[in-house]
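Heads up, the thing below is written out as structure tokens.
Worth knowing before you read on, the calculation uses all heavy atoms, side chains too, and leaves out hydrogens, waters and symmetry mates. The sequence lines fix the lettering, A, B, ..., with proteins before strands; numbering per chain opens at 1.
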There are 2 protein chains.
Amino acid sequence: MDNVTIKDIAKALNLSTSTVSRALRGSYEINAETKRLVMEYAERLNYRPNPIALSLKENRSRAIGVIVPQIANYFFSQAINGIEAIAYNRGYHVIIFQTHESYEREVVNMQQAVSRRVDGLLISLSSETSDVTHLRELQDQGMPIVLFDRVSSELNATQVVADNFKGAFEATEHLIWSGRRRIAHLTIPPYMSITQERLAGYRAALEKHGIAYDENLVRYGTFGPDEVGPMVDDLLAQNPRPDAFFTASDRLAAGCLGALQKRKLRIPEDVALIGFTNMNVAELLSPPMSTVVQPAQEIGQVAVERLIELIERKQKAAPPSVIKIPTTLIARDSTRTVVE
Amino acid sequence: MDNVTIKDIAKALNLSTSTVSRALRGSYEINAETKRLVMEYAERLNYRPNPIALSLKENRSRAIGVIVPQIANYFFSQAINGIEAIAYNRGYHVIIFQTHESYEREVVNMQQAVSRRVDGLLISLSSETSDVTHLRELQDQGMPIVLFDRVSSELNATQVVADNFKGAFEATEHLIWSGRRRIAHLTIPPYMSITQERLAGYRAALEKHGIAYDENLVRYGTFGPDEVGPMVDDLLAQNPRPDAFFTASDRLAAGCLGALQKRKLRIPEDVALIGFTNMNVAELLSPPMSTVVQPAQEIGQVAVERLIELIERKQKAAPPSVIKIPTTLIARDSTRTVVE
DNA sequence: TTGTATGCGTTATCAC
DNA sequence: GTGATAACGCATACAA
């Protein structure tokens, strides 16, 4: 890799590096002929400014750190997709870190990102994280931070999330409209922000339609393997049996679907099923499961846009706004009559 | 972000920057007491060497470029997962580029990566790419390149792939052993390396068991939407009807599964189904579909290991080896008796 | 054992 | 208009 530098061009054209630099940047105070000469030669040699030298000079890396629980996950890979698209257009590159749902690794990743001199940080908290002191301290030192999806109100930062409340409300109401009354809710760990919002939406829909909230119908998963089957069994053992399931994640939806099929329950005739998933998973899981689709890509896009804004404005104290991106309900089960 | 530099430490301790630098690097020719002093102070101030300055000095970025068709895809997100884990341990960070299956974007991404001064490149070709001149030229200029999954024998580079031939052979033989004779093969565009290898494995298994190859049973997809249903219909219209489907990708497997279910065909009683997928998708898609699981993560790991080896050895001319990672067959349909 | 000077590639400042 | 110089943070050849 023999990289052309300004110095090479200067030598070849018998100019000084400053002249070449100015010519390349299109400075006004340069002779048109010289400028042309430099430009042409640079073009011919396929000159590209060295971003590392630039970073050193400008004291910024043009890199954005993205910390997520894991990449190999539809939601996050789509979010990263959105982040990547915007970031590249704005001249930033993206460095990805995975916490694997570990608080410790989240802290280490954060330090790594700082060591790498990222210009800003985009974070989706690990499920283990309840204390966000590490982030607050970093923020206090002037690092622009935007949270997305897995957020925390403990932090005075911009937060970009799906409209979990509304999505859960609509999902639950969809089930109610199709005649369901005993709606089970399979969800993720209770202390997470998104869990609470979805649970609130679920309860609000029940309440609106005069259905009593029954905590026995709610189960919390732990991201562990083989946990969904027993949860479903447990719920089905109740009398009366649940007539619908509302699941809060891809894995819970798939697990629940599998468990119900294994028990020879017809969907949606015996039990209705609706899941909080995202577009790709919705494609894979066949009807007749309905889905509330998360705007993963858009969440990523909006989050990175906000972050870049912060970085470039050097606003240290951002107004701690919460941006909610709407979800989309895709109904695939209209077996029973809709009861308004 | 007020970053501590060597200069700060030197000033505070009344030393020269070189002494501090040497002390931090643990040079032998330094007074033990001075060393201790510097170390302690650096620790206290949480000093971290600026990787950008280091990169400029050493003329290397410690960054690896990864070019993939898309991130939001189980195979690639898992591969990236594997890449990321190894790369970070070795002190490299990973910059991801997406081609979205476009040859043009692949070329642009490659140039971007070069502009970013990556130390090496990991590439999985876009489905549009047949000409690899752009990569050959880059390689000739000394850039270490390793191909993975979507490779090309036109390039004199290390290639890391799943053992597509063997996987396809085993999948087909699995179907034959369960009594199937008319095995349809739904696959991806014909000019891709992985397509050809899988097709060859399919044909070899048929041949071994004395079943004539029938090109009417093979269909090529294009990554487009809604294309699988018609393909399946077309195949089912044949007389005699196929009694098994072997699909070459996640999307084809899911599409095929959906299409068969829609047509009320029982799986595996009426039609058997086996897919070339990966672990995550296998989890989502319920039985009774069998799968040949791709070692996505391992492919990524091996590929990045080879690349780092190339980078650090500065071997320009690598022996163009092809590394095949074995697939795993997960049988979920043993309805019919196994016929050895 | 420690300090001085230089260079990596670039741009800003000041001179001419 | 153009050139010389310094600076970004670090490591190292050379001096002392």
(request) For A/F97, check ring-ring contact (aromatic ring centres under 6.0 Å, His included) against everything at least two apart and list the hits. (result) B/Y88

(request) Give a yes or no on this: more than 12 heavy atoms of other residues, nucleotides or ligands lie within 6.0 Å of atom CD of A/E104. (result) no

(request) Could you check how far CD of A/E58 sits from P of C/dT10, rounded to whole Å? (result) 12 Å

(request) Measure the shortest side-chain to side-chain distance between B/V160 and B/I325 over non-hydrogen atoms and say whether it is less than 4.5 angstrom. (result) yes

(message) Which residues pass the side chain to side chain contact (heavy atoms under 4.5 Å, CB included) test with A/S55, not counting sequence neighbours?
(response) B/I52

(request) Please determine, by modelled atom types, if A/Q98 and B/N81 share a side-chain donor-acceptor pair under 3.5 angstrom. (result) yes

(message) If we ignore hydrogens and angles and just use 3.5 Å, is the side chain of B/S126 paired with the main-chain N or O of B/P69 as donor and acceptor?
(response) no

Which donor-acceptor pairs under 3.5 Å do the side chains of residues 299-308 of chain A make with protein atoms, sequence neighbours left out?
none

(request) Give the rounded distance in Å between these two atoms: CG of A/N59 and C1' of C/dG9. (result) 16 Å

(message) What range of DNA chain D does chain A touch, first nucleotide to last, counting atoms under 4.0 Å from its heavy atoms?
(response) D/dG1 to D/dG9

(message) Measure CG/B/L56 against P/C/dT10 and give the value in whole Å, please.
(response) 9 Å

(message) Using five pairs at each end of the helix from C/dT1-D/dA16 to C/dC16-D/dG1 to define an axis, what is the angle between those two axes, to 10°?
(response) 60°

(message) Just to verify, what does B/H100 make a ring-ring contact (aromatic ring centres under 6.0 Å, His included) with, not counting sequence neighbours?
(response) none

Do any N or O atoms of the protein come closer than 3.5 Å to N or O atoms of nucleotides 14-16 of chain C, and which pairs are they?
none

When you compare the protein's N or O atoms with those of nucleotides 5-7 of chain C, which come within less than 3.5 Å of each other, and at what distance?
residue, atom, partner, partner atom, Å
C/dG7, N2, B/K57, NZ, 2.9

(request) Just jot down the side chain to side chain contact (heavy atoms under 4.5 Å, CB included) partners of B/S18, sequence neighbours excluded, or say none. (result) B/S16, B/R22

(message) Regarding A/N14, tell me which of base, sugar-phosphate or nothing describes its non-hydrogen contacts under 4.0 Å with the strands shown.
(response) sugar-phosphate

(request) For the pair A/T99 (side chain) and A/R105 (backbone), establish whether a donor and an acceptor sit closer than 3.5 Å, ignoring hydrogens and angles. (result) no

(request) Round to the nearest Å and state the distance from A/R60 atom CZ to C/dG9 atom P. (result) 21 Å

(request) Have a look at B/S21 and say if it touches a base, only the backbone sugar-phosphate, or nothing, with a 4.0 Å heavy-atom cut-off. (result) base

(request) Name all residues meeting the ring-ring contact (aromatic ring centres under 6.0 Å, His included) criterion together with B/Y191; count only those two or more places apart in sequence or in a different chain, and write none if there are none. (result) none

(message) I'd like to check A/Y41 versus A/L37 (side-chain heavy atoms, cut-off strictly below 4.5 Å). Are they in contact?
(response) no

(request) Please examine the side chains of B/I64 and B/I311, heavy atoms only from C-beta on, and report whether any two atoms are closer than 4.5 Å. (result) yes

(message) Under 4.0 Å from OP1 or OP2 of C/dT2: is there any side-chain N or O of B/S16 that close?
(response) no

(request) Scan for salt bridge (Lys or Arg N to Asp or Glu O under 4.0 Å) pairs involving residues 134-144 of chain A, sequence neighbours excluded, and state none if there are none. (result) none

(request) Under 4.0 Å from any atom of DNA chain D, heavy atoms only: list the residues of residues 32-53 of chain A that qualify, in numerical order. (result) A/T34

(request) Test B/E101 against B/R150 for salt bridge (charged side-chain N to carboxylate O under 4.0 Å, His left out), laying out the working first. (result) CA-CA 11 Å; B/E101 306 288 4; B/R150 310 262 203 93; 2.9 Å; yes

(message) Are A/E106 and A/E128 packed together at the side-chain level, in the sense that at least one heavy-atom pair is separated by less than 4.5 angstrom?
(response) no

